[in-house]
Amino acid sequence: MAMLTGSAVLNTMRRHHLFNGLAETALQNLAAHTTVKRLPAGCTLFHQGDAAEHFHVLINGQVKLHRVTCDGQEKVIEVVRPGEAFAEALLFNKQPEHPLSATTLKESLVLNVQNAHYLRLLETQPQLCMQLLSSLSDRLNQRLHQIDSLTSSNVCQRVVRYLFQELQAARSGVIDLDLPKRLIASQLGIQPETLSRILHRLTDAGLIAVQRRRIEILDQRSLSAYLEAAA
């Protein structure tokens, strides 16, 4: 994975919703306060409790946001994919500390934007404020849906809902999981063994076919009955 040049950083920032619309001089000034990191798989960008001086945009790769619970268990909160920003919600904390850790799942290329400089831009660029508010609103809605799913459905319904979300993104009847099943299980608040057991049950019922990380939906109507039951 090649490192971005200065011009490539500018082009990347121009296309991102948190920066587009900026005047060229302001964008170049912000880029001057932005660094690029290439991280191997398994590298931690920041730890839970670290001071938050930057927010980040993932250019390539995959990053998991996770935290350790009071009983020592790792909980995966989100998996960041290319084009997505993370840690931007901490911009407005007076003494921000990361509530999560960020660790690469694949070799990744990350933009690190200095919080202090971006905040100064917000004071003079109202369109940036609206774009940031939109981003934070989307993130809040995602968290509310996640909480709702974890508290109002049984484990089988959580797995089925996840399959439908991935199916919608795939736009076909076949899902190619880009995460290890243990991480999917953590996101769903279940044990990996429970996820495997549910997938086996759905396979035995003739609803899906599983081959490693490839899942084919064989009977979408019957599978959706699990979610209708939850409603």
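Since we're looking at a predicted model, the values are computed, not measured.
With contacts defined as side-chain heavy-atom distances shorter than 4.5 Å, the pair T203/R201 does not qualify. Contact check for V174 versus I215: no side-chain heavy atoms found under the 4.5 Å cut-off. Counting heavy atoms from C-beta on, the side chains of D176 and R213 never come closer than 4.5 Å. With a 4.5 Å cut-off on side-chain heavy atoms, L10 and R14 count as touching. Side-chain contact between F92 and L132 is present, with heavy atoms from C-beta onward closer than 4.5 Å. Using a 4.5 Å cut-off on side-chain heavy atoms (C-beta onward), L105 and L183 make contact. Residues K75 and S186 have side chains in contact (heavy-atom distance under 4.5 Å, counting atoms from C-beta outward). At least one side-chain heavy atom of V36 sits under 4.5 Å from a side-chain heavy atom of L109.
For the salt bridge (Lys or Arg N to Asp or Glu O under 4.0 Å) test, no residue two or more places apart in sequence or in another chain qualifies with R67. Taking the ring pair (Phe, Tyr, Trp, His ring centres under 6.0 Å) definition, one finds that H17 meets it with nothing, sequence neighbours left out. Scanning for side chain to side chain contact (heavy atoms under 4.5 Å, CB included) contacts around P82 gives L58, with sequence neighbours left out. Residues satisfying the ring pair (Phe, Tyr, Trp, His ring centres under 6.0 Å) test with Y162, not counting sequence neighbours, are none.
Screening residues 77-92 for side chain to side chain donor-acceptor pair (under 3.5 Å) gives E78-R143, R81-D178, E88-S135, E88-R139 as the qualifying pairs, with residues at least two apart or on separate chains.
Other residues sharing a hydrophobic cluster with M130 under the 4.5 Å side-chain heavy-atom criterion for ILVMFWY residues are L133.
Under a 3.5 Å cut-off, the side chain of T69 and the backbone N or O of Q73 do form a donor-acceptor pair. For the pair S108 (side chain) and T104 (backbone), a donor-acceptor distance under 3.5 Å is absent. With hydrogens and angles ignored, the 3.5 Å screen pairs a side-chain donor or acceptor of N115 with a backbone N or O of F55. The main-chain N or O of L163 is never found under 3.5 Å from a side-chain atom of E166 such that the two would form a donor-acceptor pair. A donor-acceptor pair is defined here as one N or O able to donate and one able to accept, closer than 3.5 Å; no such pair exists between the side chain of T103 and the backbone of K64. Checked by atom type and distance alone, the side chain of H16 never pairs as donor or acceptor with a backbone atom of T12 at under 3.5 Å. Of the possible polar contacts, none joining the S222 side chain to the D219 backbone as a donor-acceptor pair under 3.5 Å is found.
For CD of Q211, the number of neighbouring non-hydrogen atoms (other residues, nucleotides, ligands) closer than 6.0 Å is 12 at most.
L179 and Q187 get closest at one heavy-atom pair: CD1-OE1, 3.6 Å. Residues C43 and L39 share a closest heavy-atom pair of SG-CD2, 3.8 Å.
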- Message: With side-chain contact (heavy atoms from CB on, under 4.5 Å) as the criterion, how do Q62 and V80 come out once you've worked through the C-alpha distance, each side chain's angles and the decisive distance to 0.1 Å?
- Response: CA-CA 6 Å; Q62 205 173 55; V80 183; over 6 Å; no
- Message: Quick one, V113 with H33, criterion side-chain contact (heavy atoms from CB on, under 4.5 Å). Give me CA distance, side-chain angles, the key distance, then yes/no.
- Response: CA-CA 7 Å; V113 185; H33 293 81; over 6 Å; no
- Dump the intermediate steps for side-chain contact (heavy atoms from CB on, under 4.5 Å) on L218 and I208, then the final yes or no. CA-CA 5 Å; L218 302 176; I208 64 173; 5.5 Å; no
- Task: Begin with the C-alpha distance, continue with both residues' side-chain angles, and end with the deciding distance and a verdict on side chain to side chain donor-acceptor pair (under 3.5 Å) for H117 and R120.
- Result: CA-CA 5 Å; H117 194 76; R120 286 195 292 271; 3.2 Å; yes
- Task: Mind running side-chain contact (heavy atoms from CB on, under 4.5 Å) on L119 and L91 for me, showing each step along the way?
- Result: CA-CA 7 Å; L119 282 170; L91 277 164; 4.1 Å; yes
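Rounded to the nearest 0.5 angstrom, L27 CG and Q125 CD are separated by 10.5 Å. Distance check, rounded to the nearest 0.5 Å: CZ of F86 to CD1 of I77 gives 14.5 Å. Taking OG1 of T124 as the start and CG of L22 as the end, the distance is 8.5 Å to the nearest 0.5 Å. Within the model, atoms SG of C156 and CD1 of I190 stand 9.5 Å from one another, a figure rounded to the nearest 0.5 Å.
Using a cutoff of 4.0 Å between basic side-chain nitrogens and carboxylate oxygens, K181 and E193 are not scored as salt-bridged.
Residues H56 and N112 bring a donor and an acceptor atom of their side chains to less than 3.5 Å of each other.
Note on ring orientation: taking the six-membered ring where Trp is involved, the planes of F46 and H98 are parallel (angle under 30°, cut-offs 30° and 60°).
Among the candidates L223, I175, I217, the single residue satisfying the side-chain contact (heavy atoms from CB on, under 4.5 Å) test with F164 is L223.
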